[in-house]
Amino acid sequence: MDKKLKVGILGGTGMVGQRFVSLLENHPWYEVAVIAASPRSAGKTYEEAVGGRWKMTTPMPEAVKKLVVMNVNEVEKVAEAVDFVFSAVDMSKEEIRAIEDAYAKTETPVVSNNSAHRWTPDVPMVVPEINPEHLAIIEEQKKRLGTTRGFVAVKPNCSIQAYAPVLTAWKEFEPVEVIASTYQAISGAGKTFKDWPEMVENIIPYIGGEEEKSEQEPLKLWGKIVDGKIVKAELPVISTQCVRVPVLNGHTAAVFVKFRKKPTKDQLIEAMVNFRGEPQELELPSAPKQFIQYLYEDNRPQVKADVDYENGMGISVGRLREDTVYDFKFIGLAHNTVRGAAGGAVLCAELLTAKGYIRPKTEE
């Protein structure tokens, strides 16, 4: 790419926004041109607006410290300065849908980390290795919005990243029933232990809306485009429980699977480690070279040892074994704010760029 695309980050002062900022530092295709946030942050430098709330383990990039934060509600003004935006705004779902559509209608593509548009029938919800073909629905969405290049694309919930890719790798064996219990890090709620001290040495067996997302969103990933809408798959049937645990980063899943076609353990491992998608074929900048790794040790995967596998963009799986009620069970681990949030959205944007959906506005 001759010249980097100019990116805006909507909601750039929050935890996911900060993760976008850190991941985009020195990105070969993109440069952060605009950070937009609430009116109370607008007019301050990014460094001033974030203040002591920088939650990343790496320092704030020098290139963004002096950027003056713009008002996210001044849609036209922000849109004029960028080629596309990442959305991580903290608003009600109705407000998020409205503002993301508003940006799209300025002919500015929106790649969203938010859940508001995940069930809009003509909005692709994409894990690039799983369902890149769903990007084709964008043409239908443009008709609805009345745009030529503006659209909204979203990534799915962070909790499904530890098992949906694995089940996709096993598609040939036809999973029909899945039980998944997820053990979810506090950064998934935008928190650290400093600002959520009650999570120290504690678990909370409830995360609002999470179980519904964890059961239904994989079915949209595996769905088909029919008559201009994405129609979700019927199988496998998924039942989940989602628990908040005292871990900073990394969602772990304990998963039980029943198959229509009975595989062997060796077949399942081979299918996982050989699973590749378009990001690997296209060698996208953020794509993990090895998407799913299998760990043979009985005590792996572990958050401390494995959460940063492939810079947080890979999935770690272990303890695959036969089960007495279901066919097989395993433990999966994914980085919830990298692969599960900002990193997954960046990879989605890279795929959209490679396929020509995102391009410089100067080309118009």
Side-chain angles (χ1 to χ4, degrees), residues 16 19-20 23 86-88 110-115 117-120 123-138 152-171 175 178 180 182 188 210 213-225 230-233 236 238 240 250-251 253 255 271-272 274-293 309-317 332-355 357-358:
V16 174
R19 180 67 74 180
F20 274 120
L23 288 175
F86 289 111
S87 175
V110 178
V111 182
S112 180
N113 183 73
N114 296 303
S115 65
H117 263 306
R118 287 181 192 158
W119 289 100
T120 304
V123 170
M125 180 176 72
V126 176
V127 174
E129 288 90 349
I130 293 178
N131 61 328
E133 70 279 3
H134 283 189
L135 297 183
I137 200 73
I138 287 171
V152 179
V154 301
K155 52 146 288 296
N157 198 44
C158 52
S159 64
I160 72 173
Q161 309 291 334
Y163 58 91
V166 179
L167 296 172
T168 305
W170 292 344
K171 190 176 180 181
V178 175
T182 59
E210 201 76 0
K213 295 174 188 175
S214 301
E215 293 171 357
Q216 294 299 314
E217 289 187 16
L219 300 177
K220 183 171 179 180
L221 294 180
W222 300 318
K224 303 288 185 188
I225 297 175
I230 299 170
V231 178
K232 70 179 183 179
I238 304 173
T240 65
H251 287 357
V255 187
M272 275 191 290
N274 290 331
F275 181 60
R276 292 167 59 82
E278 287 198 18
Q280 287 71 38
E281 302 296 335
L282 295 170
E283 297 183 348
L284 299 177
S286 299
K289 287 183 171 57
Q290 176 78 39
F291 184 27
I292 305 173
Q293 68 167 342
Y309 168 64
E310 288 278 14
N311 298 314
M313 290 296 288
I315 311 300
S316 298
V317 176
L333 170 67
H335 197 305
N336 57 294
T337 67
V338 182
R339 168 56 79 162
V346 171
L347 187 62
C348 186
E350 291 170 359
L351 181 63
L352 286 160
T353 302
K355 290 182 169 293
Y357 290 98
I358 293 175

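These values consider heavy atoms only, across backbone and side chains, with no hydrogens, waters or symmetry-generated copies. Just so you know, these numbers come straight off a predicted model, no measurement behind them.
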Atom pair [atom1] ([X]) and [atom2] ([Y]), whose distance is rounded to the nearest 0.5 Å:
X	Y	atom1	atom2	result
Trp222	Ile230	CH2	CD1	15.0 Å
Trp170	Met272	CH2	CE	5.0 Å
Leu167	Ile238	CG	CD1	6.5 Å
Leu135	Cys348	CG	SG	6.0 Å
His117	Ser112	NE2	OG	8.0 Å
Ser286	Leu351	OG	CG	11.5 Å

> Between Leu284 and Glu278, does a side-chain contact (heavy atoms from CB on, under 4.5 Å) hold up when you go through it step by step?
Replying inline: CA-CA 9 Å; Leu284 299 177; Glu278 287 198 18; over 6 Å; no
Less than 4.5 Å apart, any side-chain heavy atom of [X] and any of [Y]?
X	Y	value
Trp119	Glu217	yes
Lys213	Ile160	no
Glu210	Thr240	no
Thr337	Cys158	no

Taking [X] for its side chain and [Y] for its backbone only, find out whether a donor-acceptor pair lies under 3.5 Å.
X	Y	result
Lys224	Ala233	no
Asn131	Met125	yes
Gln161	Asn157	yes
Glu310	Gln290	yes
Asn113	Ser87	no

> Among side-chain atoms of Thr182 and Ser159, is any donor-acceptor pair under 3.5 angstrom?
Replying inline: no
> Do Lys155 and Val111 pass the side-chain contact (heavy atoms from CB on, under 4.5 Å) test, and can you show the C-alpha distance, the side-chain angles, and the key distance before you say yes or no?
Replying inline: CA-CA 8 Å; Lys155 52 146 288 296; Val111 182; over 6 Å; no
Please report the shortest heavy-atom distance between [X] and [Y], naming the atom on each side.
X	Y	value
Phe275	Pro165	CE2-O, 4.2 Å
Val16	Ala88	CG1-CB, 3.9 Å
Gly343	Met313	O-CE, 3.5 Å
Ala153	Leu352	CB-CD1, 4.1 Å
Ala287	Glu350	N-OE1, 4.3 Å
His335	Gly312	CB-O, 3.5 Å

> Counting only heavy atoms not in Asn311, do more than 12 sit closer than 6.0 Å to its CG atom?
Replying inline: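 Counting other residues, nucleotides and ligands, CG of Asn311 stays at 12 neighbours or fewer.
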> Is the closest basic N to carboxylate O distance between Arg276 and Glu281 below 4.0 Å?
Replying inline: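 Salt bridge between Arg276 and Glu281, a charged N being under 4.0 Å from a carboxylate O: yes.
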> What's the verdict on side-chain contact (heavy atoms from CB on, under 4.5 Å) for Val255 and Val178, showing C-alpha distance, side-chain angles and the deciding distance?
Replying inline: CA-CA 7 Å; Val255 187; Val178 175; 3.7 Å; yes
>> The test is side-chain contact (heavy atoms from CB on, under 4.5 Å); show your working for Tyr309 and Leu333 and say whether it passes.
In response: CA-CA 10 Å; Tyr309 168 64; Leu333 170 67; over 6 Å; no
